[in-house]
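Structure, as structure tokens:
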2 protein chains.
Amino acid sequence: MRDRAAEQLLDMVVSGGLSPGDRLPPERELVQRLGVSRTVVREALNLLEARGIVSIEHGRGAVVSDGSTSAVRDTLGMLLRMRAEVLWELLEMRQVLEVEVSGLAAERAGAEDVTAMRAQLDRMRALIDTPEGYVHADVEFHALLARAARNEVILTMLEPVVDLLRASREVSASRPGSARRALREHEEILRHVEEGNADGARREMRVHLANTAEDIEAALREGTLEVTENREREPT
Amino acid sequence: MRDRAAEQLLDMVVSGGLSPGDRLPPERELVQRLGVSRTVVREALNLLEARGIVSIEHGRGAVVSDGSTSAVRDTLGMLLRMRAEVLWELLEMRQVLEVEVSGLAAERAGAEDVTAMRAQLDRMRALIDTPEGYVHADVEFHALLARAARNEVILTMLEPVVDLLRASREVSASRPGSARRALREHEEILRHVEEGNADGARREMRVHLANTAEDIEAALREGTLEVTENREREPT
DNA sequence: CCTGCGGATATTGTCATACCAATCGGAGGG
DNA sequence: CCCTCCGATTGGTATGACAATATCCGCAGG
């Protein structure tokens with residue numbers, strides 16, 4: 001019954017013309033409209049919240065979520081906690097997606113994309129000695145690259161993977177010399193993107209990710225890296 | 001409170017020495033142990049179920065799940081449904097993932113994978129004149145290929161995309177000659193996989209998906225297939 | 001007229017209880 | 001020895017009440 005109600009609610013959202021930010025009817029009204037008890041309505045809403053469709057706020061109601069991928073990240077994160085070996089699969093997935101993203105970006109990036117990425121590279125250069133800030137800038141660069149690829153679906157799948165690997169990256173970025181090497185590689189990638197050289201961009205990204213994966217493996221061997229998930233809810 | 005209870009339960013699972021298949025204590029006992037009402041316990045259990053940690057079975061209890069990826073698949077599926085993604089983006093995503101899957105499968109497939117795929121090709125050959133059954137067998141073949149690639153994460157993320165494209169495929173598969181052509185292409189792919197020729201497998205898969213996409217486009221032009229979004233590639 | 005305060009109202013969160021539904025196991029009869 | 005049925009265990013649903021939080025509106029004061 002819960003699943004049936006959740007399906008009805010999902011239909012209300014997708015084919016009911018509700019946009020992100022809109023509020024669903026209150027629980028007591030959904031009780032009448034769906035003809036089930038409040039218990040079932042609440043469980044259905046909780047399921048949709050766990051799936052990232054809506055966000056339930058105390059005293060306000062259930063609002064349609066923007067297409068945030070945090071639910072996918074959380075679910076993947078718990079999977080990682082139960083089976084640590086999926087870390088390798090995640091790294092491979094990231095490689096598959098980002099290599100292709102580089103190629104697509106080289107074919108589709110506009111001047112404004114290149115400008116934004118160049119500015120981001122400057123920021124990375126400035127933060128190169130503070131691992132935490134550097135990784136943040138690094139992640140942002142990859143996000144800009146993904147946006148230049150002009151494919152929301154790829155972004156939807158890549159985002160949670162990258163999020164999940166962020167902790168690993170912070171450790172690997174603090175290894176001596178790796179940040180500077182990564183910066184050079186980013187510059188190479190951007191150069192190829194700017195020239196519209198898709199194959200070159202793919203090749204450079206493949207090299208870059210191989211090096212990064214090597215850093216992560218090394219950090220794992222040294223025991224510096226703990227494979228856990230930091231579950232923190234968004235701070236409003 | 002629900003999240004706190006869920007965290008406690010998750011700790012019970014991961015650091016409590018519970019293996020997949022083990023049963024958690026019944027709800028009424030967790031009520032006493034956690035000091036909260038049954039409502040909260042149930043909501044926490046539902047959250048863990050949505051995240052794929054446990055599987056709740058009526059009359060039996062909550063059993064610790066193996067690290068199945070079905071929760072990730074469901075979450076992604078709902079997310080994609082809500083975003084009503086553009087058809088060409090889905091096709092591109094499918095191409096990115098499946099081309100790489102073919103390459104990985106060529107490197108990693110064992111004899112039993114090849115056997116299963118060959119059997120699946122026979123089934124497709126038998127169903128070649130019934131579009132519906134053929135597409136089902138087709139999907140199954142691609143699933144076997146993905147399994148041979150030995151990366152569950154990629155498989156998990158590919159599935160929702162394929163699901164959304166299924167309707168398009170049923171239409172395109174009914175175009176004259178396309179099913180037979182697709183069958184030949186599948187045979188080529190399998191041949192390369194069998195020989196361990198990763199690049200060849202990638203190339204053949206790329207050809208196959210390009211042809212399939214062409215079929216879908218043609219069906220779109222003929223109005224056989226209705227889609228709300230139109231394909232616009234170039235940004236402003 | 002504007003501002004800030006306070007209460008009324010709406011809405012979700014938690015609790016307690018009762019009963020329904022599915023599953024399992026063991027007692028009893030064939 | 002096997003089958004059946006019944007009771008016990010366990011999750012599923014319904015209901016009503018109250019608490020916690022957010023929103024809105026009117027009113028007093030400037």
Side-chain angles (χ1 to χ4, degrees), chain A residues 1-13 16 18-66 68 70-71 74 231-236, chain B residues 1-13 16 18-66 68 70-71 74:
Chain A
M1 252 180 157
R2 172 193 54 173
D3 294 357
R4 224 160 49 91
E7 195 63 33
Q8 287 179 317
L9 291 178
L10 181 60
D11 276 350
M12 272 183 58
V13 172
L18 277 71
S19 331
D22 290 350
R23 283 175 42 185
L24 267 68
E27 295 176 352
R28 268 121 181 146
E29 186 181 331
L30 293 175
V31 164
Q32 298 184 341
R33 212 187 291 192
L34 302 187
V36 293
S37 80
R38 198 178 156 212
T39 310
V40 173
V41 170
R42 282 185 56 77
E43 293 203 340
L45 284 173
N46 280 325
L47 181 58
L48 291 189
E49 188 188 32
R51 295 271 186 263
I53 305 299
V54 301
S55 156
I56 303 178
E57 298 170 21
H58 191 160
R60 291 196 46 200
V63 306
V64 178
S65 169
D66 57 349
S68 162
S70 58
D74 290 348
R231 72 175 269 108
E232 64 181 74
R233 257 183 148 53
E234 58 171 331
T236 48
Chain B
M1 249 177 149
R2 172 193 53 175
D3 293 355
R4 224 162 47 91
E7 195 62 34
Q8 287 180 322
L9 291 178
L10 181 58
D11 277 350
M12 271 182 60
V13 172
L18 277 71
S19 330
D22 291 350
R23 285 174 39 183
L24 267 66
E27 295 178 354
R28 288 159 174 95
E29 186 181 330
L30 292 175
V31 165
Q32 298 183 342
R33 212 188 293 193
L34 303 186
V36 292
S37 80
R38 199 177 156 208
T39 308
V40 174
V41 170
R42 281 184 56 77
E43 292 200 342
L45 284 172
N46 280 326
L47 181 58
L48 291 189
E49 189 187 32
R51 294 273 185 264
I53 304 299
V54 301
S55 156
I56 303 177
E57 297 168 21
H58 193 162
R60 295 197 43 194
V63 306
V64 178
S65 169
D66 56 350
S68 159
S70 57
D74 292 347

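All values reported here derive from a predicted model rather than from experimental measurement. Numbered from 1 within each chain, the chains take letters A, B, ... in sequence-line order.
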| request: Verify the contact: side-chain N or O of T39(A) to OP1 or OP2 of dT13(D), cut-off strictly under 4.0 Å; return yes or no. | output: no
| said: Within the 4.0 Å heavy-atom criterion, would you say I56(B) contacts the bases, only the backbone, or no part of the nucleic acid? | reply: sugar-phosphate
| query | Picking from dG13(C), dT14(C), dT13(D), which would you name as closest to the side chain of E27(A)? | reply | dG13(C)
| request: Measure the shortest side-chain to side-chain distance between R42(B) and E43(A) over non-hydrogen atoms and say whether it is less than 4.5 angstrom. | output: yes
| Taking only residues two or more places apart in sequence, or in another chain, which ones meet Q8(A) in a side-chain hydrogen bond (donor to acceptor under 3.5 Å, both in side chains)? | none
| task | Return the value, rounded to whole Å, for the distance between atom CZ of R2(B) and atom P of dC15(C). | result | 13 Å
| query | Could you state the CG-C1' distance from N46(A) to dT14(C), rounded to the nearest angstrom? | reply | 12 Å
| task | Round to a whole Å and report the spacing from CG of L30(B) to P of dT10(D). | result | 11 Å
| request: Using the closest heavy atom to pick a nucleotide of DNA chain C for each, name whichever of V31(B) or L45(A) lands nearer the 5' end. | output: L45(A)
| field | Whole-Å gap separating P (dG13(C)) and CZ (R42(B)) | value | 16 Å
Between the protein and nucleotides 21-24 of chain D, list every N/O to N/O distance that falls short of 3.5 Å.
{"unit_1": "dT23(D)", "atom_1": "OP1", "unit_2": "R60(A)", "atom_2": "NE", "d": "3.1"}

| Given side chains that start at C-beta, do those of L24(B) and L45(B) come closer than 4.5 Å, heavy atoms only? | yes
| query | How long is the line joining CD of E49(B) and C1' of dG11(D), in whole Å? | reply | 11 Å
| Of all residues at least two apart in sequence or in a different chain, which pass the side-chain contact (heavy atoms from CB on, under 4.5 Å) check with P25(B)? | M12(B), E29(B), L30(B), R33(B)
| remark: Sequence neighbours excluded, the answer for side-chain hydrogen bond (donor to acceptor under 3.5 Å, both in side chains) partners of E49(B) is R2(A)
Nucleotides 16-18 of chain D: which of its N/O atoms have a protein N/O under 3.5 Å away?
none

| request: With sequence neighbours left out, write down each residue that passes side-chain hydrogen bond (donor to acceptor under 3.5 Å, both in side chains) with S37(B), or none if nothing qualifies. | output: none
| Which residues pass the side-chain contact (heavy atoms from CB on, under 4.5 Å) test with S65(B), sequence neighbours left out? | S68(B)
| query | Got a sec, which residues hit side-chain hydrogen bond (donor to acceptor under 3.5 Å, both in side chains) with R38(A), two or more places apart in sequence or on another chain? | reply | E27(A)
| request: Could you check how far CD of E43(A) sits from C1' of dT13(D), rounded to whole Å? | output: 9 Å
| field | Residues which pass side-chain contact (heavy atoms from CB on, under 4.5 Å) with A50(B), listed by chain and number, not counting sequence neighbours | value | L47(A), A50(A), R51(A)
